[in-house]
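Convention: sequence-line order gives letters A, B, ...; per-chain numbering from 1.
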Amino acid sequence: MAPDAPRVRFAPSPTGYFHVGSARTALFNWLVARQSGGTYVLRIEDTDAERNREEWVDGILSALHWLGMDPDEGPYRQSLRTNRYHQAIDALWDAGRLFACGCTHDEVIARNKSAGILTPGYDGHCRDLGLARGDGRALRFRTPDDGTVVVPDAIRGDVEFPCSAMDDFVAVKGSGAPLFVLANVVDDIDMAVTHVIRGEDLLPTTPRGILMWSSLSDLGWTTDGTFGEAGAPTPALPAFAHLPMLVNEARKKLSKRKDPVAVESYRDQGYLPEAFVNYLGLLGWSPPRDEPEIFTRDQMVSWFALEDVNHSPAFFDVAKLTHMNGEYIRAMAPSDFVEACRPWLEGDAAPWPADAFDAAVFAAMAPVVQERVTVLGEVPAMVDFLFCDTPVFDPDSWAKSVVGDDGAPAILAAAIASYESLRADWTAAALHAATLAVAESVGRKLGKAQAPIRIAVTGRRVGPPLFEALEVLGPDRTLARLRDAAGRLAAGDVPSA
RNA sequence: GGUCCCAUCGUCUAGAGGCCUAGGACACCACCCUCUCAAGGUGGGAACACGGGUUCGAACCCCGUUGGGACUGCCA
């Protein structure tokens, strides 16, 4: 690796699930590292004890693994680096960059309100009181009174923030625990991060980080050797890139309450990681002109450039994701498809008893299923008639196209007679021809005539091609189900689903 | 309220002053194909927020307006 190779970091906070926006951020970081021979670092920002749950961290790791973006380095845990933050806090305190403040948030608001100030934000109450550290006092960062902080952003250009609009923010909790900006900056310094690529929601706090960075730099702060040499001076400010937000239909930031944002749920529904990553790549970026939207990871790596990332928010469109997933599924080698389906077919998740599943039977049916599903989670419902003792009847289908069809009894009777003679030549082609004859005998087109048969055998009006399904099901079970349906129909019985 | 960001079809986007009577994809509609459903094929409707500049010429540059969003926490 070149000594000046980029070092990017993906720095999620554990939240209990892996957000699709985080996945997009991870991807763009990963792309920059891959295309430049750089290093992609994972850092868990768990300074908040509330968010420091082991299984949540495992969730991040497994989601990244599923996406094919395992870190090159890390995970580092901020919760394990508190000593280092305290060194920074002491240095900042000794230099007078921090001051103690005993005000609660409510007190600040109350003071502002009584002073007739609608503007939220710290009023500077304790700034020059010379309060001592301790006694549960928070430590605030003394921001400049005037001047401008410039955030050099690879996507948006220089963004300027007037210091006059910046209040003295809390950098250390009353408990002594460091907060986001401080830990984040100290880590980026120690880990020699060269590119900070993150969501646009962090843009407004970036000037605080830059102020923190320069203070540490001014103080002669040196790196701790996490990466590279211990004792090296504060590195130059990294490049920044703030990615556009991912929004919902209401154009609001994706909400964990209202929107389907958990990557895990997409995985569980049967989206393929490659399709998911491909779609994510289309959110805020697009391949070169004239290139199709479906592309490989390698192509993305070679084409991607931070400078080409869009500025405006993108709607996470599940319909488009789903379409792309279908494309990826259809493009799979048949054996890969069969293999990929296993989690949905074997074990407790399947809608049939575990020992009822027959891999060879599924494999025979798989090709026609592969062409019809958009997510793997749809597979069981397409083949359950093969593994359940009796079909899972859709009440509506049964009512409309069997009970509600005057011709159904005759069709079923004719099909039973016809199929019975086909036992020796039980193939889709023979079944097709036989059913065509049945249809003719009742004066119908095949499309209309096959409905009662399909429902009797599979339980539903829609499904895989009927004759392939019958071939795989076999003559015994097919005929038994046809007789069963005909019998119940004659008895006026409506089966429960 | 303050600071900042953003603005091309319903959606994701192409477009970096003349190639634009604005292209593609998803979604939608119609037709074709067809054993259901998909897939596939063909066709269709659908956008440069508005107003000023700059320029021979603006979706593209500048300013303003409007609209949307983010942040404004001892969360990250």
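In this structure, A/R24 satisfies the cation-pi test against A/F28, with its NZ or CZ atom closer than 6.0 Å to the six-membered ring centre and inside 45 degrees of the ring normal.
When the options A/R127, A/R97, A/R140 are evaluated for a salt bridge (charged side-chain N to carboxylate O under 4.0 Å, His left out) with A/D168, the one that passes is A/R127.
Between the side chains of A/Y279 and A/N325, no donor-acceptor pair is found at a separation under 3.5 Å.
Against RNA chain B, the stretch residues 274-283 of chain A makes heavy-atom approaches under 4.0 Å through A/L282, A/L283. Taken residue by residue, residues 132-142 of chain A places heavy atoms nearer than 4.0 Å to RNA chain B at A/A138, A/R140. RNA chain B is contacted by A/S13 of residues 11-29 of chain A, taking any non-hydrogen atom closer than 4.0 Å. Taken residue by residue, residues 444-457 of chain A places heavy atoms nearer than 4.0 Å to RNA chain B at A/L446, A/G447, A/Q450, A/R454.
Here B/A59 sits opposite no nucleotide as a Watson-Crick or G-U wobble pair (both hydrogen-bonding atom distances under 3.5 Å). Under the Watson-Crick or G-U wobble criterion, with both distances below 3.5 Å, B/C48 has no partner in any strand shown. Nucleotide B/C9 forms no Watson-Crick or G-U wobble pair with any nucleotide shown, as no partner meets the under 3.5 Å limit on both distances. Shown here, B/A70 forms a base pair with B/U3; the pair counts as Watson-Crick or G-U wobble because both key distances fall under 3.5 Å. The partner of B/A16 is absent, by the rule that a Watson-Crick or G-U pair needs both atom distances under 3.5 Å. The partner of B/A30 is B/U42, judged by Watson-Crick or G-U wobble contacts that both fall below 3.5 Å.
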TODO: In sequence, state the C-alpha distance, the side-chain angles, and the governing distance for A/D123 and A/R111, and then conclude on salt bridge (charged side-chain N to carboxylate O under 4.0 Å, His left out).
DONE: CA-CA 8 Å; A/D123 59 353; A/R111 274 202 303 272; 2.6 Å; yes
TODO: Could you go through the side-chain hydrogen bond (donor to acceptor under 3.5 Å, both in side chains) check for A/R460 and A/S397 one step at a time?
DONE: CA-CA 6 Å; A/R460 299 188 187 84; A/S397 293; over 6 Å; no
Open item on the list: Using salt bridge (charged side-chain N to carboxylate O under 4.0 Å, His left out), reason through A/D405 and A/K448 one step at a time and then give a plain yes or no.
Closed with: CA-CA 10 Å; A/D405 180 352; A/K448 280 286 189 186; over 6 Å; no
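Salt bridge annotation for A/R372-A/E378: absent, with no cationic side-chain nitrogen under 4.0 angstrom from a carboxylate oxygen. In this structure, A/R53 does not pair ionically with A/D46, as no charged nitrogen and carboxylate oxygen lie closer than 4.0 Å. Comment: A/E54 engages A/R77 in a salt bridge, judged by a side-chain N to carboxylate O separation of less than 4.0 angstrom. Checked for salt-bridge contact, A/D167 and A/R208 meet the test: a charged N lies under 4.0 Å from a carboxylate O. By the 4.0 Å N-to-carboxylate-O rule, A/R81 lies close enough to A/D190 to be salt-bridged with it.
The side chain of A/K252 has B/G69 as its nearest neighbour among B/U36, B/C71, B/G69. Closest to the A/A314 side chain, of the nucleotides B/C74, B/C6, B/C12, is B/C12. Here the side chain of A/R251 is nearest to one of B/U36, B/C12, B/C35, namely B/C12. Side chain of A/K173, nearest nucleotide from B/G68, B/C71, B/C74: B/C74.
Rounded to the nearest Å, the gap between the C1' atom of B/G17 and that of B/G57 is 7 Å. When the C1' atom is compared between B/A30 and B/A22, the two are found 25 Å apart, to the nearest whole Å. Using atom P as the reference point in both B/C71 and B/A76, the two lie 14 Å apart (nearest Å). Comparing the P positions of B/A27 and B/G41 gives an interatomic distance of 13 Å, to the nearest angstrom. For B/C62 and B/G24, the C1' atoms lie 31 Å apart once the distance is rounded to whole Å. Between the P atoms of B/A49 and B/A59, the separation comes to 10 Å (whole Å). The same atom, P, is picked in B/C63 and in B/C6; the two are 12 Å apart, to the nearest Å. Rounded to the nearest Å, the gap between the P atom of B/A16 and that of B/G51 is 24 Å.
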Set out, line by line, the N/O atom pairs under 3.5 Å between protein and nucleotides 19-23 of chain B.
none

Please write out the pairs of protein N or O atoms and N or O atoms of nucleotides 2-4 of chain B separated by less than 3.5 Å, giving the distance to one decimal.
none

Within the sub-3.5 Å range, which N or O atoms of nucleotides 25-28 of chain B have a protein N or O partner, and how far apart are they?
{"unit_1": "B/A25", "atom_1": "O2'", "unit_2": "A/E293", "atom_2": "OE1", "d": "2.7"}
{"unit_1": "B/A25", "atom_1": "N3", "unit_2": "A/K320", "atom_2": "NZ", "d": "3.1"}
{"unit_1": "B/C26", "atom_1": "OP1", "unit_2": "A/H323", "atom_2": "NE2", "d": "3.3"}
{"unit_1": "B/C26", "atom_1": "O2'", "unit_2": "A/K320", "atom_2": "N", "d": "3.4"}

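Residues satisfying the ring pair (Phe, Tyr, Trp, His ring centres under 6.0 Å) criterion with A/F180, sequence neighbours excluded, are absent altogether. In terms of the ring pair (Phe, Tyr, Trp, His ring centres under 6.0 Å) criterion, residue partners of A/F141 (sequence neighbours excluded) are, by chain and number, A/F169. Listed by chain and number, the residues in a salt bridge (charged side-chain N to carboxylate O under 4.0 Å, His left out) with A/R198 amount to none (sequence neighbours excluded).
The phosphate of B/C71 has neither OP1 nor OP2 within less than 4.0 Å of any side-chain N or O from A/T205. OP1 or OP2 of B/A14 has at least one side-chain nitrogen or oxygen of A/N310 nearer than 4.0 Å.
Within the model, atoms CE of A/M365 and CD of A/E471 stand 9.0 Å from one another, a figure rounded to the nearest 0.5 Å.
Across all strands shown, A/F467 has heavy atoms under 4.0 Å from base atoms, whether or not it also approaches the sugar-phosphate. Within 4.0 Å of A/C103, counting heavy atoms only, lies at least one base atom of the nucleic acid. Looking at heavy-atom distances under 4.0 Å, A/R156 makes contact with sugar-phosphate atoms alone, never a base.
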All N/O donor-acceptor pairs, side-chain side in residues 10-19 of chain A, below 3.5 Å, sequence neighbours left out:
{"unit_1": "A/S13", "atom_1": "OG", "unit_2": "A/E45", "atom_2": "O", "d": "3.3"}
{"unit_1": "A/S13", "atom_1": "OG", "unit_2": "A/R51", "atom_2": "NH1", "d": "3.0"}
{"unit_1": "A/T15", "atom_1": "OG1", "unit_2": "A/Y17", "atom_2": "O", "d": "3.1"}
{"unit_1": "A/H19", "atom_1": "ND1", "unit_2": "A/G21", "atom_2": "N", "d": "2.8"}

Donor-acceptor contacts, no H, no angles, side chain residues 313-323 of chain A, under 3.5 Å, sequence neighbours left out:
{"unit_1": "A/D317", "atom_1": "OD1", "unit_2": "A/A319", "atom_2": "N", "d": "3.1"}
{"unit_1": "A/K320", "atom_1": "NZ", "unit_2": "A/E293", "atom_2": "OE1", "d": "3.0"}
{"unit_1": "A/K320", "atom_1": "NZ", "unit_2": "A/E293", "atom_2": "OE2", "d": "3.2"}
{"unit_1": "A/T322", "atom_1": "OG1", "unit_2": "A/Y271", "atom_2": "OH", "d": "2.7"}
{"unit_1": "A/T322", "atom_1": "OG1", "unit_2": "A/V318", "atom_2": "O", "d": "2.7"}
{"unit_1": "A/H323", "atom_1": "NE2", "unit_2": "A/E327", "atom_2": "OE2", "d": "3.3"}

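Residue side chain A/R208 does not reach the base of B/U72 through any donor-acceptor N/O pair under 3.5 Å, judged by distance alone. Taking only distance into account, the side chain of A/R372 meets the base of B/C37 through a donor-acceptor pair shorter than 3.5 Å. Taking 3.5 Å as the limit, the base of B/C35 and the side chain of A/E468 contain a donor-acceptor pair of atoms between them.
No more than 12 heavy atoms of other residues, nucleotides or ligands lie within 6.0 Å of CD in A/E249, so this atom counts as exposed by the packing criterion.
What separates CD1 of A/I329 from P of B/G40 is a distance of 13 Å, to the nearest Å.
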